[in-house]
Amino acid sequence: MFIALALAAAPLSGPCADAAPVARIEAEPGDRGLDVEGLVLQPDGETPAAGVVVYAYQTGADGDYDAGENGAPARRAWMKTDADGRFELRTIMPGGYPGSREPAHVHIFFWGEDTPAQWTPALNFSEDERVTDEVRARSDALGDFGFVMRGANMDGLRVVYPKFKLKPQGDRFETSIRHGLDACEAS
Ligand SMILES: [Fe+2]
């Protein structure tokens, strides 16, 4: 809660200060492209949430975060939703953790001046065999706000269209995953 209050009270700094609705995570040779075209709505599920910071991070195709010395994953980006609540992340398809049954995923957090810091269910991908029937059912139960992405393939590029509904209350962030928030706190 302290994090949310601190962020709400102070102007956004660092990479959040000039975050744009579109961001890119660099690909390496052999990576498969992924385009996340997101829509963020207020807790009523209808009103577009404009000006909300979107922080995304993910593994590479090998399932590794390639974290640097500060613990931050190598593949991460900040965006800010446009007037219609939209953002776009041009990135690569993540790989699942090596030796794990956990589906490949993209983590997404939100926060802003009127939005307490919060996470969403990580995005999964329908063709991933590690997505179990139980996980699919949990996603389907959320209707338009499901987290197992179906989407389309266009010339080898995977395009997905997740919809998010902000929660009125924020989440508690563990020290180890605060790196996206840390980078944007005014100093
Ligand atoms: Fe993860």
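For clarity, every value in this text was computed on a predicted model and none was experimentally measured. In listed order, ligands and their atoms are each counted from 1.
For the pair L34 and T91, the minimum side-chain heavy-atom distance is below 4.5 Å.
In terms of heavy atoms, E37 sits closest to P162 at O-CD, 3.5 Å.
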Review point. Please walk me through it: do Y57 and I177 pass side-chain contact (heavy atoms from CB on, under 4.5 Å)?
Key: CA-CA 10 Å; Y57 70 98; I177 58 166; 4.0 Å; yes
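Taking 2.8 Å as the threshold, Q58 does not count as a candidate ligand of the Fe ion (ligand 1), since none of its N, O or S atoms lies below it. Backbone or side-chain N, O or S atoms of T59 do not reach the Fe ion (ligand 1) at under 2.8 Å.
Between H179 and Y55, the angle of the ring planes goes over 60°, which puts this pair in the perpendicular group of the 30/60° scheme.
Expressed to the nearest 10°, the angle at the Fe ion (ligand 1) joining NE2 in H105 with NE2 in H107 is 90°.
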